[in-house]
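Heads up: the structure comes next, in structure tokens.
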Protein chains: 2
Amino acid sequence: MSSAQHLPRSQIRIGDLARRAGVTVATLRFYESRELIFSTRTSGNVRIYPLHTLRRVAIIAAGQRVGLTLTQIAEALADLPKDRAPSQQHWEELSSKWKMLVDQRIAQLHSLRDSLDGCIGCGCLSTTKCSLFNPQDEAAAEGPGSRWIRNFDADFGPHES
Amino acid sequence: MSSAQHLPRSQIRIGDLARRAGVTVATLRFYESRELIFSTRTSGNVRIYPLHTLRRVAIIAAGQRVGLTLTQIAEALADLPKDRAPSQQHWEELSSKWKMLVDQRIAQLHSLRDSLDGCIGCGCLSTTKCSLFNPQDEAAAEGPGSRWIRNFDADFGPHES
DNA sequence: CAACAAGCTCTAGTTAGCTTGAGCTCAAGC
DNA sequence: GCTTGAGCTCAAGCTAACTAGAGCTTGTTG
């Protein structure tokens, strides 16, 4: 089971896929368990991936870069054919969608930056007055670890400390 | 231990703090365990926070919005006085630093978007030519290949701030 | 034929940021 | 004097995306 001499060029075993895709074999098995990629097995139960899985893994990485969770990526990938490389049209749809998400995220960060800008001179940090603490851009809480600001319902009261 | 009649206005119990800050009491206790906020105790072991803790919590939320981890936020907060509200200068320093981080992040997203832009018209999905997919694939030849995606976010960290 | 590399499954651990729940105390009100 | 509500501690659980390790199989090679 070492070098893939007997495999058609269009197929690849997990170790080679991992090396070429730049992830670990464990990650690939994990992706497979999450149904992001698919394999067949040899008689000896060894995973065999179609070569274009390489592309799928690349798309997964791209999706993560965009800020999507694996679940969201899985949904996107579900629209792609499992048995061959995605067509140009497939990819165009996906990448335009993702581009829009990046654009949105950029816009959010711009408004966050503006808030910080405003705050620098201000320093009030008032939950009622300060734009930093009153974002109008309802945000997609992104990943674990980064909750978006929540609504501060009250101000600091009549007697600011 | 119900309504805070007997507390000075400058102090606040955890329940009220939670309500006014828009987080749960559990979260506040968690923040305290992480040394992001501090309390004294009554004879009955009840936490008493200085009122300006409200501001500290607001700053924590702002830091999260910027994309910092609680550890990074704790470092930033360590420069603020524990016993009173931060001065305007404190806040100016903090918010300018954070603004720079947001700017960096925006720049990163811009380059990501440019990659996607390039990819949309291209559709090649070529692992050799496409700037978005450019792992060390295909030219699988070892050697200093393209650094890619996965290290993209790596330098948004606390390293020296 | 034995060694060894590559694969396999399954379970558990990691980090971050909380959340949930059990079980207990304390002070006030009816 | 008992219920109620707010608090307390400690422990465990959760989600995401993996990582690590034990223990076993498979298949090629010297």
Side-chain angles (χ1 to χ4, degrees), chain A residues 1-7 11-37 39-49 57 60-61 63-75 140-150, chain B residues 1-7 11-37 39-49 57 60-61 63-75 149-150 153-154 156-158:
Chain A
M1 228 189 257
S2 58
S3 52
Q5 299 312 336
H6 57 301
L7 273 183
Q11 305 192 321
I12 190 170
R13 281 171 305 113
I14 200 167
D16 291 334
L17 179 56
R19 237 176 328 93
R20 292 179 59 181
V23 301
T24 68
V25 298
T27 298
L28 290 176
R29 284 196 275 251
F30 175 71
Y31 285 170
E32 194 173 328
S33 78
R34 297 287 306 268
E35 305 204 286
L36 289 152
I37 59 176
S39 67
T40 53
R41 302 292 181 109
T42 64
S43 55
N45 199 34
V46 170
R47 285 176 179 83
I48 298 294
Y49 295 99
V57 177
I60 294 168
Q64 289 185 307
R65 230 179 131 181
V66 168
L68 302 176
T69 64
L70 288 186
T71 304
Q72 294 170 321
I73 294 170
E75 279 168 30
E142 68 182 75
S146 189
R147 294 284 158 103
W148 218 249
I149 206 161
R150 29 245 153 173
Chain B
M1 237 187 250
S2 56
S3 52
Q5 297 315 334
H6 55 301
L7 273 184
Q11 305 192 324
I12 191 170
R13 280 172 306 109
I14 199 167
D16 290 334
L17 179 56
R19 236 185 336 91
R20 293 178 60 179
V23 300
T24 68
V25 296
T27 298
L28 291 176
R29 284 195 275 251
F30 175 70
Y31 285 170
E32 194 173 328
S33 78
R34 297 287 305 268
E35 305 204 286
L36 288 153
I37 58 176
S39 67
T40 52
R41 302 294 181 106
T42 64
S43 54
N45 201 32
V46 171
R47 285 175 179 83
I48 297 295
Y49 295 99
V57 177
I60 293 168
Q64 288 185 308
R65 234 184 128 184
V66 168
L68 301 175
T69 65
L70 288 186
T71 304
Q72 296 169 327
I73 294 170
E75 279 167 31
I149 301 179
R150 295 190 177 260
D153 281 346
F156 192 52

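Protein chains get the first letters and strands the later ones, always in sequence-line order, with residue 1 at the start of each.
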Open item on the list: Run the salt bridge (Lys or Arg N to Asp or Glu O under 4.0 Å) test against A/Glu32 and tell me which residues pass, sequence neighbours left out.
Closed with: A/Arg47

Return the value, rounded to whole Å, for the distance between atom [atom1] of [X] and atom [atom2] of [N].
{"X": "B/Ile14", "N": "C/dC18", "atom1": "CD1", "atom2": "P", "value": "14 Å"}
{"X": "B/Leu28", "N": "C/dT19", "atom1": "CG", "atom2": "C1'", "value": "13 Å"}
{"X": "B/Gln64", "N": "C/dG17", "atom1": "CD", "atom2": "P", "value": "7 Å"}
{"X": "A/Glu75", "N": "D/dA16", "atom1": "CD", "atom2": "C1'", "value": "15 Å"}
{"X": "B/Arg13", "N": "D/dG7", "atom1": "CZ", "atom2": "P", "value": "5 Å"}
{"X": "A/Arg19", "N": "C/dA5", "atom1": "CZ", "atom2": "C1'", "value": "13 Å"}
{"X": "B/Ile48", "N": "C/dA27", "atom1": "CD1", "atom2": "P", "value": "12 Å"}
{"X": "B/Arg34", "N": "C/dC18", "atom1": "CZ", "atom2": "C1'", "value": "11 Å"}

Task: Any B/Arg13 side-chain heavy atom under 4.5 Å of B/Ile48 side chain - done: yes

Open item on the list: Within the 4.0 Å heavy-atom criterion, would you say A/Arg29 contacts the bases, only the backbone, or no part of the nucleic acid?
Closed with: base

Open item on the list: Distance check, rounded to the nearest 0.5 Å: B/Leu36 atom CG versus B/Phe30 atom CZ?
Closed with: 8.0 Å

Task: B/Ala26 vs B/Thr71, nearer the 5' end of DNA chain C by closest nucleotide - done: B/Thr71

Task: Any A/Thr27 side-chain nitrogen or oxygen under 4.0 Å from OP1 or OP2 of D/dT19 - done: yes

Task: Below 4.0 Å: OP1/OP2 of C/dG17 and any side-chain N or O of B/Tyr31 - done: no

- [ ] Only counting residues at least two apart or in another chain, list the ones meeting side chain to side chain contact (heavy atoms under 4.5 Å, CB included) with A/Ala18.
- [x] A/Val25, A/Leu28

Open item on the list: With each end axis built from five pairs of C1' atoms, what bend angle do you get for the helix from C/dC1-D/dG30 to C/dC30-D/dG1? Round to 10°.
Closed with: 30°

Open item on the list: Here's a test of your reading of the structure: between A/Ser43 and A/Thr24, which maps to the more 5' nucleotide of DNA chain D?
Closed with: A/Thr24

